[in-house]
Colleague: 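Okay, here's the structure, questions in a sec.
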Amino acid sequence: MSEPEQQEQHLDFIRTRVKSDQASGKNDGRVHTRFPPEPNGYLHLGHAKSICLNFGIAREFGGLCNLRLDDTNPVAEKTEYAEAIQSDVRWLGFDWEERIFHASDYFDQLHAWAVQLIEGGKAFVCDLTFEEMRQHRGTLIEPGTNSPYRDRPIEENLELFEKMRLGEFSDGSKTLRAKIDMASPNLNMRDPVIYRIIHQDHPKTGDKWKIYPSYDFAHGQSDSLEGITHSICTLEFEHHRPLYDWFCQNLGIHHPQQIEFARLNLNYTVMSKRKMLRLVQEGQVKGWDDPRMPTLQGMRRRGYTPKSIRDFCEKVGVAKRDNVIEVELLEHCLRHDLNLCAPRRLGVLDPLKVTIINYPDEQVEQVDAVNNPEDPDAGTRPVSFSKHLYVDRNDFMEDPPKKYFRMSPGREVRLKYAYYITCSEVIKDAEGKITELICEYDPESRGGDTPDGRKVKGTIQWVDASSAKPCEVRLYDRLFKAPDPDKVEDGGDFTGNLNPDSLQTIGSALVEKSVTDMGTGKPFQLERVGYFCIDPDGQESGNLVLNRTVAMRDSWAKANK
RNA sequence: AGCCUGGUGGUGUAAUGGUAGCACAGAGGUUUUUGGUACCUUUAGUUGGGGUUCGAAUCCCUACCGGGCUGCCA
């Protein structure tokens, strides 16, 4: 009921168009989109925007969305990538049902259409080399010149194309070109290559083909065959639209509408496969799923939730102008979701020993800790408390500044869910480094309140020394130190802007015992510290390794900058 | 240089001839057993110049600025 109402406001330009097409009865009111990645790498946040757009539009308008692997070039494509793509789309929360297709499913039809074009005098086999073709193409301001092979008789074209198909020519020696207009201001229309010779096996079709269709000859026709109504792609394909239209028209087939939108950019990171590949190859990151990478696999390992990414994609909007989104928006979406769903636990990154002198030596008790204040149904859990504890080193200052609420000598603070304590003595080593805090507790304050209603300004987290689990914690910061990694001094490239401190490893953190029960990759909050999840890394060694997904917002730290 | 395309607060995105709105970020505050969350308040914008109109972010002209295009990649 309320759904159409919500859609009424703020439709982006693509949805506005889809809506009007549907209203006017175009395509019999059908809406059918597709997400068509090339299986030559891993999906990243930019793809997520496209996935959310295509699947989202289909859902909102009662239509369908296909998953299509655009596998027209066997040189770079691998089954490994195709599988990762499917896993990532599913993880993001979308379902293509039985509609997964491959451009290679259409190779026979595409070939037949190429023959049809030749027979109609609209395509020809060209013997120009790569270099010669470049020279004939002309420039941005000058028209090109016709290939000397352009007027080859139809019969000869048919014969040569057949020999190309049979593998009788070497790679690059011949191409099949559409016969359009060498003087067109749009370079894509200057007799584009539609089939090239590639003697390489294809992951799907094996050694059946020695010739493969180009993107331009495959994409629109694949859309057409699948009955796509709106073919949504990024801005760089704008100049290809006339070609897309030309093939549909000249082949006399169903003609989907191509619509272009601006791709997503995020500051402090890179969003191109090419650059990510370099980071992986040069060992700047540990792999495609490094938690610092903007790949879906990296974000997943880092602890991002699918919902937060979908929410982000919705919030960035869809338009045609170039954009750079601030990471703060992504982090906002992340924290917003995590705050609602992540269970709370206690942990200290930089442990400082605390001994409560007036607490019975051998006593151990269980205090109740709230699992999630945002979700009463999450209940509570028992956490053990005893004479020997650890707190975080940055929660104590011997000589605190004015608005510091945490521990300092003589100031009473609350150990969350446990007792009020007051530091009475600071113990240091020979170098003057604080090694231990001697404190006194108020037995009346169990649970965190006192009968006299006395208030404390500071509440800090802690762990019980005997039961806490040691773990390794990986803290991540932005991958690049510059908002725009591509903006470099002369002679450098984007790798010069890498942030040397993007990964900080803490070897000796302590977390409450129940953290061990969290499954790998499941987000939880270490109260006052941030959101974390268990990394697959410590699995085999039996060690506990945590990734910090994102820190808590910290207005105290910000105020002290 | 030619063609295509786009310019709305710091960032992103609405308003399609009729009150420039929303979100993030920033600032201030209230609540709080997370310096979290939630809530409240607040700063800040139509690239410049002409024109049409009672009225222009919106239509026209012009200047300026950004992006894209010379793969047998997608």
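Chain identifiers are assigned alphabetically (A, B, ...) following the order of the sequence lines, protein sequences preceding nucleic acid strands; residue numbering begins at 1 within each chain. In what follows, every heavy atom counts, from backbone to side chain, and hydrogens, waters and symmetry copies are set aside.
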Colleague: Are A:H202 and A:F107, when compared by the centres of their aromatic rings, separated by less than 6.0 Å?
Modeller: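 Yes: the rings meet the under 6.0 Å criterion.
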
Colleague: Indicate yes or no for a side-chain donor-acceptor contact from A:R393 to the backbone of A:V391 under 3.5 Å, with no hydrogens or angles considered.
Modeller: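 Side chain of A:R393 to backbone of A:V391: no pair is present.
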
Colleague: Determine: side-chain N/O of A:N73 to OP1/OP2 of B:C73, distance under 4.0 Å, yes or no.
Modeller: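 Answer is yes, contact under 4.0 Å.
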
Colleague: Less than 4.0 angstrom between a side-chain N/O of A:K273 and OP1 or OP2 of B:A74, yes or no?
Modeller: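 No, A:K273 has no side-chain N/O under 4.0 Å of OP1/OP2 on B:A74.
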
Colleague: For the side chain of A:R190 and the backbone of A:R137, is there at least one donor-acceptor N/O pair under 3.5 Å apart?
Modeller: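 Pair found, side chain donor or acceptor close to backbone of A:R137.
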
Colleague: In whole angstrom, give me the gap between the P atoms of B:U70 and B:A20.
Modeller: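 Nearest-Å result for B:U70 against B:A20 at atom P: 44 Å.
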
Colleague: Verify the distance criterion only: is there a donor paired with an acceptor across the side chains of A:D216 and A:H240 at less than 3.5 Å?
Modeller: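 On atom types as modelled, these side chains qualify, holding a pair under 3.5 Å.
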
Colleague: Tell me: CZ of A:R528 to P of B:U32, nearest whole Å?
Modeller: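 Nearest whole value for this atom pair: 18 Å.
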
Colleague: How long is the line joining CG of A:L140 and C1' of B:C69, in whole Å?
Modeller: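 Result: 6 Å.
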
Colleague: B:A44 and B:G10: how far apart are their C1' atoms, nearest whole angstrom?
Modeller: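 Between the two C1' atoms, the distance is 8 Å.
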
Colleague: Any strand is fair game: report the nucleotide pairing with B:G18 by Watson-Crick or G-U wobble, both distances under 3.5 Å, or none.
Modeller: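 B:G18 is paired, partner B:C54.
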
Colleague: Checking base pairs now: Watson-Crick or wobble, both atom distances under 3.5 Å. What partners B:C73?
Modeller: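 Base partner found: none.
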
Colleague: I want to verify a distance call: between B:C72, B:G35, B:A1, whose nearest atom is closest to the A:I141 side chain?
Modeller: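 Among the listed nucleotides, the one closest to the side chain of A:I141 is B:A1.
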
Colleague: Would you mind telling me which of B:G71, B:C3, B:U34 lies closest to the side-chain atoms of A:P185?
Modeller: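 Ranking B:G71, B:C3, B:U34 by closest atom to the A:P185 side chain puts B:C3 first.
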
Colleague: Side chains of A:F101 and A:E226: closer than 4.5 Å at any heavy-atom pair?
Modeller: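 In contact.
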
Colleague: May I ask you to say what A:N186 touches in the nucleic acid, namely base, sugar-phosphate or nothing, with a heavy-atom cut-off under 4.0 Å?
Modeller: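 The residue A:N186 makes no contact with any strand.
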
Colleague: Which base sits across from B:G36 as a Watson-Crick or G-U pair, both distances under 3.5 Å?
Modeller: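 For B:G36, the partner nucleotide comes out as none, under the 3.5 Å rule.
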
Colleague: Determine the Euclidean distance between corresponding C1' atoms of B:A23 and B:C59; express it in Å to zero decimal places.
Modeller: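 My reading of the C1' atoms in B:C59 and B:A23 gives 30 Å.
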
Colleague: Report the distance from atom NE2 of A:H336 to atom P of B:A38, rounded to the nearest whole Å.
Modeller: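 Distance, rounded to whole Å: 7 Å.
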
Colleague: What integer number of Å spans the P atoms of B:G48 and B:A56?
Modeller: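 Those two atoms are separated by 14 Å.
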
Colleague: Report yes if at least one side-chain N or O of A:T72 is closer than 4.0 Å to OP1 or OP2 of B:A74; otherwise report no.
Modeller: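 For B:A74, OP1/OP2 do have a side-chain N/O of A:T72 under 4.0 Å.
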
Colleague: Among A:D12, A:L235, A:V318, exactly one meets side-chain contact (heavy atoms from CB on, under 4.5 Å) together with A:F261. Which residue is that?
Modeller: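 Checked A:D12, A:L235, A:V318 against A:F261; only one passes side-chain contact (heavy atoms from CB on, under 4.5 Å): A:V318.
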
Colleague: Report the distance from atom CD1 of A:I325 to atom P of B:C24, rounded to the nearest whole Å.
Modeller: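 After rounding, the gap between these two atoms is 14 Å.
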
Colleague: Using a 5.5 Å cut-off between ring centres and planes within 30 degrees, is A:F405 stacked on the base of B:G35?
Modeller: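 Stacked: centres under 5.5 Å apart, planes under 30°.
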
Colleague: Any side-chain N or O of A:R196 below 4.0 angstrom from OP1/OP2 of B:C73?
Modeller: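 For B:C73, OP1/OP2 do have a side-chain N/O of A:R196 under 4.0 Å.
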
Colleague: Of the listed nucleotides (B:A25, B:G67, B:U34), which one gets closest to any side-chain atom of A:D322?
Modeller: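 Among the listed nucleotides, the one closest to the side chain of A:D322 is B:G67.
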
Colleague: Both distances under 3.5 Å, Watson-Crick or G-U wobble: report the partner of B:U41, or none.
Modeller: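 Checking every strand shown, B:U41 finds its partner in B:A27, with both distances under 3.5 Å.
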
Colleague: What about A:R335: does its side chain form a donor-acceptor pair under 3.5 Å with the base of B:G36?
Modeller: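 Checked by distance alone, the answer is no.
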
Colleague: When the P atoms of B:G36 and B:U30 are considered, how many whole Å apart are they?
Modeller: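 Straight-line distance between the two P atoms is 13 Å.
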
Colleague: Side chain of A:A319, heavy atoms from C-beta onward: which of B:G35, B:C24, B:A14 has the nearest atom to it?
Modeller: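 Minimum distance to the A:A319 side chain belongs to B:A14.
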
Colleague: Side chain of A:M133 only, please: which of B:G12, B:C72, B:A74 is the nearest?
Modeller: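 Among B:G12, B:C72, B:A74, the one nearest the side chain of A:M133 is B:C72.
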
Colleague: For A:R321 and B:G66, is the shortest distance between a side-chain N/O and OP1 or OP2 below 4.0 Å?
Modeller: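 False: A:R321 side-chain N/O out of range (4.0 Å or more) of B:G66 OP1/OP2.
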
Colleague: How long is the line joining NZ of A:K558 and P of B:A25, in whole Å?
Modeller: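 Between P of B:A25 and NZ of A:K558: 7 Å.
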
Colleague: Determine whether a donor-acceptor pair (N or O, by modelled atom type, separation under 3.5 Å) exists between the side chain of A:R414 and the backbone of A:G448.
Modeller: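 It does hold such a pair.
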
Colleague: In whole angstrom, what separates A:F13's CZ from B:A15's C1'?
Modeller: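 It works out to 17 Å between those atoms.
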
Colleague: Counting only Watson-Crick pairs (N1-N3 plus N6-O4 or O6-N4) and G-U wobbles (N1-O2, O6-N3), all under 3.5 Å, who is the partner of B:G66?
Modeller: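 Pair assignment: B:G66 / B:U5.
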
Colleague: So for A:E260 and B:G68, does any side-chain atom that can act as donor or acceptor lie under 3.5 Å from a complementary atom in the base?
Modeller: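 No such pair is found, so the answer is no.
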
Colleague: Would you kindly check whether a donor in the side chain of A:H240 faces an acceptor in the base of B:A74, or vice versa, at under 3.5 angstrom?
Modeller: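 Side chain to base: pair present.
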
Colleague: For B:G71, does either OP1 or OP2 sit under 4.0 Å from a side-chain N or O belonging to A:R137?
Modeller: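 Checking A:R137 against B:G71: at least one side-chain N or O falls below 4.0 Å of OP1 or OP2.
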
Colleague: When rounded to the nearest 0.5 angstrom, what distance separates CG in A:L334 from OH in A:Y531?
Modeller: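 Output value for this atom pair is 9.0 Å.
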
Colleague: Between A:E374 and A:Y417, who's closer to the 5' end of RNA chain B by nearest nucleotide?
Modeller: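 That would be A:Y417.
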
Colleague: Between atom NE2 in A:H47 and atom P in B:A74, what is the gap in whole Å?
Modeller: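 Distance check: A:H47 NE2 to B:A74 P gives 14 Å.
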
Colleague: What interatomic distance, in whole Å, is found between P of B:C64 and the corresponding atom of B:A74?
Modeller: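 Here B:A74 and B:C64 have their P atoms 38 Å from each other.
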
Colleague: Round to a whole Å and report the spacing from CD of A:E238 to P of B:U5.
Modeller: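 In whole Å, B:U5 P and A:E238 CD are 7 Å from each other.
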
Colleague: Flag the pair A:W113 / A:F217 as yes when their ring centroid distance falls below 6.0 Å, and as no otherwise.
Modeller: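 No, the ring centres sit 6.0 Å or more apart.
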
Colleague: Take atom P in B:U8 and the same atom in B:U47, then report the distance between them in whole Å.
Modeller: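 Result for the P pair: 6 Å, nearest Å.
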
Colleague: Counting just side-chain N and O atoms, does A:S555 come under 4.0 Å of either OP1 or OP2 of B:G36?
Modeller: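 Yes, A:S555 has a side-chain N/O under 4.0 Å of OP1/OP2 on B:G36.
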
Colleague: Nearest nucleotide by nearest heavy atom, which residue falls closer to the 5' end of RNA chain B, A:L128 or A:K49?
Modeller: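 Whichever sits nearer the 5' end wins; that is A:K49.
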
Colleague: Between B:A74, B:C69, B:C24, spot the one nearest the side chain of A:E326, thanks.
Modeller: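 Closest nucleotide among those given: B:C24.
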
Colleague: How far does the P atom of B:C40 sit from the matching atom of B:C22, given to the nearest Å?
Modeller: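 Per the computed distance, 12 Å lies between those P atoms.
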
Colleague: Record whether the side chain of A:E527 comes under 3.5 Å of the base of B:G36 through a donor-acceptor pair of N or O atoms.
Modeller: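 No, no donor-acceptor pair under 3.5 Å.
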
Colleague: Counting just side-chain N and O atoms, does A:H239 come under 4.0 Å of either OP1 or OP2 of B:G68?
Modeller: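 It does not, given that no N or O in the side chain of A:H239 lies less than 4.0 Å from OP1 or OP2 of B:G68.
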
Colleague: Please determine if a side-chain N or O atom of A:R553 lies less than 4.0 Å away from the OP1 or OP2 oxygen of B:A38.
Modeller: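 For B:A38, neither OP1 nor OP2 has a side-chain N or O of A:R553 closer than 4.0 Å.
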
Colleague: Please pick, from B:A74, B:C24, B:G6, the nucleotide with the shortest atom-to-atom distance to any side-chain atom of A:E236.
Modeller: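 When the side chain of A:E236 is considered, B:A74 is the closest of B:A74, B:C24, B:G6.
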
Colleague: When you measure only distances, ignoring hydrogens and angles, does the side chain of A:Q525 come within 3.5 Å of the base of B:U34 through a donor and an acceptor?
Modeller: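 Answer is yes: a donor-acceptor pair is held.
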
Colleague: By a 5.5 angstrom centroid cut-off and a 30 degree plane limit, is there stacking between A:Y215 and B:A74?
Modeller: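 Stacking between A:Y215 and B:A74: absent.
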
Colleague: Salt bridge or not between A:K275 and A:D486? Use side-chain N to carboxylate O under 4.0 Å.
Modeller: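 Judged by the 4.0 Å cut-off on N to carboxylate O distance, A:K275 and A:D486 do form a salt bridge.
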
Colleague: Measure from the side chain of A:H10, starting at C-beta and using heavy atoms only, and say which of B:C24, B:G36, B:G21 lies closest.
Modeller: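 Nearest nucleotide to the side chain: B:G21.
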
